[in-house]
Number of protein chains: 2
Amino acid sequence: MENSISILRRCAIQPTPQRMAVVDYILKTPSHPSADEVLENVRKRCPTLSRATVYNTLNLLVEKQLIKTQILKEGLVVFDPNIQQHHHFIDEDSGQIYDVPWDTFQVPEIDSLPDYEITEVQVVVRGRKKKP
Amino acid sequence: MENSISILRRCAIQPTPQRMAVVDYILKTPSHPSADEVLENVRKRCPTLSRATVYNTLNLLVEKQLIKTQILKEGLVVFDPNIQQHHHFIDEDSGQIYDVPWDTFQVPEIDSLPDYEITEVQVVVRGRKKKP
DNA sequence: GTTCGTGCAAACGGTTTGCAACAAT
DNA sequence: ATTGTTGCAAACCGTTTGCACGAAC
């Protein structure tokens, strides 16, 4: 896998150790962490990392379209390393967010909005584990 | 249309003037207001209404399932007077949220999650007006 | 020595909570 | 008198901002 230095260079972001650590974490995780979860986890390897640097770096990565923000939880933004079109399933008990492949649903063309340019379509499914 | 007093009574909530004013507003608007928008608008008719009372009342209405919260905007919750299943279209420029009828999309049964109980499925469409 | 990035702390905005005053029964 | 409601202010939490210190060229 491409290393964090070249990823950052390609995006014209200076590869500092802090940014490399954040990139390593966020692009490797299958999860959809919040800024705080990123901070907590990356601090294990980079204990002096500050909250501001995490937000700065994540916002930079969003600008450069390496990751996406998702509005799926109340009161906090989560960051999604998967920038391909896809859907989400949210376990309402654990709060875990799972990716759902794009072709799971046949989302029809939206012809009823001729003067709008659609920028994103997403199916959001929420549920909880059955207790038998 | 049923008045706010009987609506509140039916839900076993005491119909105080403040609550009636909030109910009148939230159940009549086709919009998806935030708590602050509710406060701002209801204060026109009820100027002493406090922010805390708005939150208390809205949360009560959510509990009683008269309205629903929707996580569609960053950093704030919006309240949806339409509790039927439906989808949403969000104009990314204006921030306006529009209801999309449920049968606009054929959301297939999700058989790939046998041990999960699906509580909600929703298509979220974002777009902006074309500038010709 | 200038530029850029970091870390800390303060500020910010939406939401919740604690509490005293008050209204209704 | 008891119960429940309101309004205010403070607290809270995620996020952003301001600024001084420090590293790199």
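Each chain gets a letter, A, B and so on, in the order its sequence line appears, and its residues count up from 1. Predicted model, so just to flag it, every value in this text is computed and none were measured.
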key: Atom pair distance, as rounded to whole Å: CG in Leu39(B) and C1' in dC8(D)   = 13 Å
inquiry  = Is it the case that the side chain of Thr119(A) and the backbone of Arg126(B) share a donor-acceptor pair, with hydrogens and angles ignored and the cut-off at 3.5 Å?
reply    = yes
request  = Starting from C1' on dT5(D), measure out to CG on Leu60(B) and report it in whole angstrom.
outcome  = 11 Å
Give me the distances for all protein-to-nucleotides 15-20 of chain C N/O pairs that come in under 3.5 Å?
from, atom 1, to, atom 2, distance (Å)
dT15(C), OP1, Val77(B), N, 2.9
dT15(C), OP2, Tyr55(B), OH, 2.4
dT15(C), O5', Tyr55(B), OH, 3.1
dT16(C), OP2, Asn59(B), ND2, 3.4

key: Validation row, ring centre Phe105(A) to ring centre Phe105(B) under 6.0 Å   = no
query = For the side chain of Thr29(A) and the backbone of Ile26(A), is there at least one donor-acceptor N/O pair under 3.5 Å apart?
reply = no
Donor + acceptor pair across side chains of His32(B), Gln70(B) (<3.5 Å) = no
ask   = Would you say Ser50(B) reaches dC8(D)'s phosphate, i.e. side-chain N/O to OP1/OP2 under 4.0 Å?
value = no
key: Side-chain heavy-atom pair Met20(B), Ile5(B) within 4.5 angstrom cut-off   = yes
task = Return yes if some donor-acceptor pair links the side-chain N/O of Lys73(B) with the main-chain N/O of Gly95(B) below 3.5 Å, else return no.
result = yes
message = Assess, by modelled atom type and distance only, whether the side chains of Asn3(A) and Ser6(A) contain a donor and an acceptor separated by less than 3.5 Å.
response = yes
message = Using whole Å, what does the distance between atom C1' of nucleotide dT6(C) and atom CG of Leu49(A) come to?
response = 9 Å
ask   = Taking 4.0 angstrom as the limit, do Asp80(A) and Lys68(A) come out as a salt bridge?
value = no
Give me the distances for all protein-to-nucleotides 22-25 of chain D N/O pairs that come in under 3.5 Å?
none

request  = Whole angstrom is fine here: how far is it from CD in Glu37(B) over to P in dG13(C)?
outcome  = 16 Å
ask   = Would you find a donor on one side and an acceptor on the other, under 3.5 Å apart, between the side chain of Thr57(B) and the backbone of Thr53(B)?
value = yes
query = Near DNA chain D, which residues from residues 16-25 of chain B have a heavy atom under 4.0 Å away?
reply = Thr16(B), Gln18(B), Arg19(B)
inquiry  = With a 4.5 Å cut-off on side-chain heavy atoms, are Arg19(A) and Ile13(A) touching?
reply    = yes
task = Taking atom types as modelled, find out whether His87(B) and Asp99(B) have a side-chain donor-acceptor pair closer than 3.5 angstrom.
result = no
